[in-house]
Amino acid sequence: MYGNDFPADDTSGGLLGEVEAAETALREAAQRGRHGAAAADPTAYFAEVIAADQKVEPRDWMPEAYRATLIRQIAQHAHSEIIGMQPEGNWITRAPSLKRKAILLAKVQDEAGHGLYLYAAAETLGVSRDELVDLLLAGRQKYSSIFNYPTLTWADMGTIGWLVDGAAIVNQVPLCRCSYGPYARAMIRICKEESFHQRQGYEILHTLAHGTPAQREMAQDSVNRWWYPSLAMFGPPDTDSTHSAQSMAWKIKRFSNDELRQRFVDMCVGQAEVLGLTVPDPGLAWNDERGAYDFTQPDYAELMRVIKGAGPCNRQRMEHRRRAHREGAWVRAAAAAYAAKKEQANKKEKVST
Ligand SMILES: [Fe+2]
Ligand SMILES: [Fe+2]
């Protein structure tokens with residue numbers, strides 16, 4: 001039994017079905033051609049493209065605030081993918097078998113790839129990857145607070161895949177329909193890979209939960225530690241969310257933080273039952289009227305503290321990233337020198353032919 005990130009009772013085909021549907025919609029919108037509003041009036045043109053569910057592309061005019069919002073969001077997302085390699089990278093050398101090690105290595109490598117797609121998407125908005133990395137290293141741009149928690153046991157590899165990648169998918173599937181073309185296309189590719197991540201984590205937990213009593217206990221302890229931080233991944237409650245309304249109007253965001261959080265809880269409860277593990281929330285109960293689970297909210301004060309830098313691993317994560325950046329300087333310099341040399345050689349060849 002794998003994590004059913006694609007629940008059978010969902011006629012849309014579940015989350016992965018939604019990714020496929022977003023991909024089809026994206027192609028159809030591209031074929032429809034652009035709505036005819038005057039290119040002379042870029043504001044009206046932008047509004048029409050958004051209203052018609054078409055994609056804003058890098059060459060199009062866009063409001064500066066739209067551009068700035070996207071840069072902030074995509075950069076934060078890219079940084080999260082890269083910093084997010086650390087908690088799991090921590091266990092690669094301690095994986096319990098060669099097979100587990102190979103899978104974890106591939107998964108962590110996927111996250112680096114996600115970072116690259118996203119930095120590339122951000123670059124289409126007129127910033128460079130170097131600038132964004134500098135902002136991260138200077139502490140002026142954020143990454144997801146979830147990666148400031150430590151990975152204490154092997155079971156955390158399972159829980160991160162199940163809950164953290166699971167929450168990431170729930171957050172990101174609607175972004176496959178984001179109005180900015182390069183971001184939407186990157187998200188389609190990323191979501192397909194994330195759903196594998198979720199499954200591999202679920203499979204680790206399933207194995208542990210059906211293993212020895214000590215393994216079971218390790219799995220439950222891990223879920224107990226990661227449950228609320230995972231719920232906090234959806235951000236502050238709607239009443240406190242500063243960016244939501246405008247992002248919704250621009251069709252960058254499609255659902256509110258609370259809607260997505262609810263969807264995640266509803267998805268996880270059945271999966272936890274199959275795992276034979278308990279969701280650590282005594283307040284969890286099915287609400288017939290709402291057709292959804294009632295649950296205890298995460299501690300948002302803790303979320304704000306972790307965002308502001310006081311989480312258990314904030315310092316460690318940033319120090320590691322800065323060190324890796326310093327130690328990688330010669331690789332970047334070598335790659336740039338090689339590219340310059342190749343360009344020269346190409347030019348010479350063109351001249352001589
Ligand atoms: Fe990722
Ligand atoms: Fe992932």
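First listed ligand is number 1; within each ligand, the first listed atom is number 1.
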Peer 1: Is E111 salt-bridged to K107, cutoff N-O under 4.0 Å?
Peer 2: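 A salt bridge links E111 with K107.
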Peer 1: Is it true that R261 and D258 make a salt bridge, defined as a side-chain N closer than 4.0 Å to a carboxylate O?
Peer 2: yes
Peer 1: Quick check for you: with the Fe ion (ligand 1) as the vertex, what angle do OE1 of E81 and OE2 of E194 span, to 10°?
Peer 2: 140°
Peer 1: Quick check: of its N, O or S atoms, which one does H114 have closest to the Fe ion (ligand 1)?
Peer 2: ND1
Peer 1: Using a distance threshold of 2.8 Å, state whether an N, O or S atom of E193 lies below it from the Fe ion (ligand 1).
Peer 2: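 Checking E193: none of its N, O or S atoms is under 2.8 Å.
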Peer 1: Starting from the Fe ion (ligand 2), look over the N/O/S atoms of H197 and name the nearest one.
Peer 2: ND1
Peer 1: Supply the atom-to-atom distance L303 CG to I307 CD1, rounded to the nearest 0.5 angstrom.
Peer 2: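 Answer for the CG-CD1 pair, L303 versus I307, is 4.0 Å.
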Peer 1: Within less than 2.8 Å of the Fe ion (ligand 2), any N, O or S from D165?
Peer 2: yes
Peer 1: Is the gap between the ring centers of H114 and H197 under 6.0 Å?
Peer 2: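 Yes, the ring centres sit under 6.0 Å apart.
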Peer 1: Taking backbone and side chain together, does D110 place any N/O/S atom at a distance below 2.8 Å from the Fe ion (ligand 2)?
Peer 2: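 Within the cut-off used here (under 2.8 Å), D110 places no N, O or S atom near the Fe ion (ligand 2).
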Peer 1: Are E203 and R100 within salt-bridge range, i.e. N to O under 4.0 Å?
Peer 2: yes
Peer 1: Looking at R322 and E319, is there a salt bridge between them, counting it only when a charged N and a carboxylate O are closer than 4.0 Å?
Peer 2: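 Looking at E319 and R322, the cut-off is not met.
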Peer 1: Closest to the Fe ion (ligand 1), which N/O/S atom of E111 is it?
Peer 2: OE1
